[in-house]
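Let me begin by presenting the structure, written as C-alpha cells, before commenting on it.
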Amino acid sequence: MLLDELQDKIHYTFQDLHWLEVAMTHSSYANEVKHNTLYNERLEFLGDAVLSIIVSDYLFNHYTAQEGDLTKLRAAIVCEKSLDVMAREIDLGRYLRLGKGEELTGGRTRPSILADAFEALISAIYMDGGIEAARGFVLPFVTAMLADEDRLSFKDYKTILQEIIQQNPEEQLVYCLVDEKGPDHNKRFVVEVRLNSNVIGVGEGRSKKNAEQMAAKEALELMGK
C-alpha cells in the first residue's frame with residue numbers, strides 16, 4: 001500500500017491514517033470524486049504556520065544573526081522552491097491523489113503542488129502526533145539545507161532594487177497592494193512596485209511580503225538586472 005510505503009519513508013507511523021490520506025489528496029481529485037471528499041488545502045494552511053514556527057525556533061537557538069538576516073534565512077527555507085526540493089527528496093508526488101486532468105498535465109512534478117503537499121504532510125504529522133513529531137520530521141530537511149547554503153533559493157530582490165534606486169535620491173519607490181484573491185485559508189496577494197507613481201513591476205504571492213519580493217524581481221528583470 002502506497003501510504004504504508006510513505007510512512008516507512010518519512011519514519012513516522014500515523015495513529016490516525018485519515019490525516020495522511022487528506023494530506024495526499026489534491027483538490028482536483030476531490031472535485032472529481034465528490035462525496036464530500038476532503039483535500040489538503042486546509043492542512044497546507046496550518047502546515048505553513050507549523051513549519052514557520054519550527055524553522056524560526058531552530059534559527060533563533062542556533063544562529064546569532066540579527067532579526068533581518070534570520071528573516072531572510074527563514075524565507076529561503078520555507079519558500080516554494082525549497083519545499084519542492086524537500087518534497088522531491090521523498091518522491092512525494094508518487095503518493096498524491098490527483099484528478100485525471102491534473103495527472104495528465106504533470107501535476108505529480110509541479111513545484112507548487114509538491115510544495116503545498118509537503119506543507120500538508122507537516123500539518124498531518126502535527127495533527128496526529130503534536131509539534132515534536134512534526135519537528136522530528138522537518139528538522140533533518142532544514143539542517144541539510146542550511147549545511148549547503150547554495151541550495152537556498154532566496155534572494156532579497158527588494159533590497160537589490162532599493163540599492164539601485166537609491167543611486168538617484170530624488171526617486172521614490174513604493175509597494176502597493178492592489179488585489180487579494182481566494183478564500184481566507186488560501187489567500188493570494190497582488191502587489192505593484194511603483195517608481196514615482198509609475199508601475200515598474202507586479203508580483204503575486206501567498207503573503208504580502210512574498211508578493212512584494214516577486215514585484216521587485218519583475219522590476220529588476222525589466223531593468224535587465
Side-chain angles (χ1 to χ4, degrees), residues 2-14 19-28 39-63 69-98 102 106-156 185-186 188 205-207 209-210 213-214:
L2 280 177
L3 293 187
D4 289 337
E5 180 181 305
L6 178 56
Q7 289 181 97
D8 289 341
K9 189 171 289 186
I10 65 176
H11 307 295
Y12 181 80
T13 301
F14 280 79
W19 293 116
L20 183 57
E21 290 173 346
V22 175
M24 293 299 101
T25 302
H26 188 256
S27 58
S28 61
Y39 53 94
N40 63 12
E41 283 186 0
R42 281 174 54 84
L43 281 179
E44 174 219 328
F45 163 76
L46 179 60
D48 179 65
V50 173
L51 175 63
S52 183
I53 284 288
I54 292 171
V55 172
S56 299
D57 178 76
Y58 183 84
L59 293 177
F60 181 83
N61 286 295
H62 292 82
Y63 285 75
D69 292 330
L70 291 176
T71 298
K72 293 174 186 177
L73 201 50
R74 180 181 63 194
I77 296 169
V78 304
C79 72
E80 180 181 290
K81 187 171 182 179
S82 293
L83 292 173
D84 174 47
V85 169
M86 297 180 201
R88 290 176 192 276
E89 288 182 7
I90 56 174
D91 194 16
L92 196 58
R94 167 177 166 78
Y95 307 100
L96 293 176
R97 295 199 293 182
L98 300 174
E102 201 63 66
R108 291 191 188 280
T109 59
R110 186 166 296 127
S112 60
I113 289 180
L114 290 176
D116 290 349
F118 192 82
E119 287 183 330
L121 178 57
I122 293 169
S123 181
I125 294 172
Y126 169 75
M127 292 299 295
D128 187 74
I131 189 68
E132 291 308 319
R135 194 191 313 274
F137 169 66
V138 168
L139 281 186
F141 293 97
V142 172
T143 55
M145 193 156 281
L146 287 167
D148 183 7
E149 293 189 13
D150 288 339
R151 296 170 64 187
L152 297 181
S153 61
F154 179 78
K155 288 186 179 179
D156 190 354
H185 69 275
N186 193 29
R188 303 287 296 186
R206 289 191 294 179
S207 69
K209 288 184 177 181
N210 184 246
Q213 287 287 347
M214 293 302 99

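Here the shortest heavy-atom pairing between Y12 and A133 reads CE1-CB, 3.8 Å. Across all non-hydrogen atoms, the minimal contact from S27 to E41 is OG-OE2, 4.0 Å. Closest approach of Q7 and F14 over heavy atoms only: OE1-N, 2.8 Å. The shortest non-hydrogen separation linking A23 to N40 is O-ND2, 3.0 Å. For the residue pair A124 and W19, the shortest heavy atom distance occurs at CB-O, 3.5 Å. D48 approaches E119 most closely through the heavy-atom pair OD1-OE2, 3.0 Å.
Of the candidates I54, I53, V50, V138 forms a side-chain contact (heavy atoms from CB on, under 4.5 Å) with just one, namely I54.
With hydrogens and angles ignored, the 3.5 Å screen pairs a side-chain donor or acceptor of T109 with a backbone N or O of G106.
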Sequence neighbours left out, cut at 3.5 Å: what donor-acceptor pairs do the side chains of residues 140-147 make with other protein atoms?
residue : atom : partner : partner atom : Å
T143    : OG1  : L139    : O            : 3.0
T143    : OG1  : P140    : O            : 3.2

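Residues L83 and D116 form no side-chain contact, since every pair of their non-hydrogen atoms from C-beta on lies 4.5 Å or further apart. Residues V22 and Y39 fail the side-chain proximity criterion, which asks for heavy atoms closer than 4.5 Å. Looking at heavy atoms from C-beta onward, I122 lies out of side-chain contact with L43 at the 4.5 angstrom threshold. Two residues are said to be in side-chain contact when any heavy atoms from C-beta on lie closer than 4.5 Å; F118 and L51 fail this criterion. Within the 4.5 Å cutoff, the side chain of I10 has heavy atoms near those of the I125 side chain. Two residues are said to be in side-chain contact when any heavy atoms from C-beta on lie closer than 4.5 Å; E80 and S112 meet this criterion.
To the nearest 0.5 Å, the span separating CG on L59 from CG on L73 amounts to 5.0 Å.
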Any chance you could lay out the side-chain contact (heavy atoms from CB on, under 4.5 Å) test for R94 and L6, step after step, and finish with the verdict?
CA-CA 9 Å; R94 167 177 166 78; L6 178 56; over 6 Å; no
Step-by-step side-chain contact (heavy atoms from CB on, under 4.5 Å) determination, M24 to L2
CA-CA 11 Å; M24 293 299 101; L2 280 177; over 6 Å; no
Report the C-alpha distance between M86 and L92 in whole Å, list the side-chain angles of each, state the deciding distance to 0.1 Å, and finish with yes or no for side-chain contact (heavy atoms from CB on, under 4.5 Å).
CA-CA 9 Å; M86 297 180 201; L92 196 58; over 6 Å; no
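Between H62 and Y58, the ring planes are parallel. Angles under 30° get that label, and only those over 60° would be called perpendicular.
Judged as a side chain to side chain contact (heavy atoms under 4.5 Å, CB included), and not counting sequence neighbours, the contacts of R108 are L96, L98, E103.
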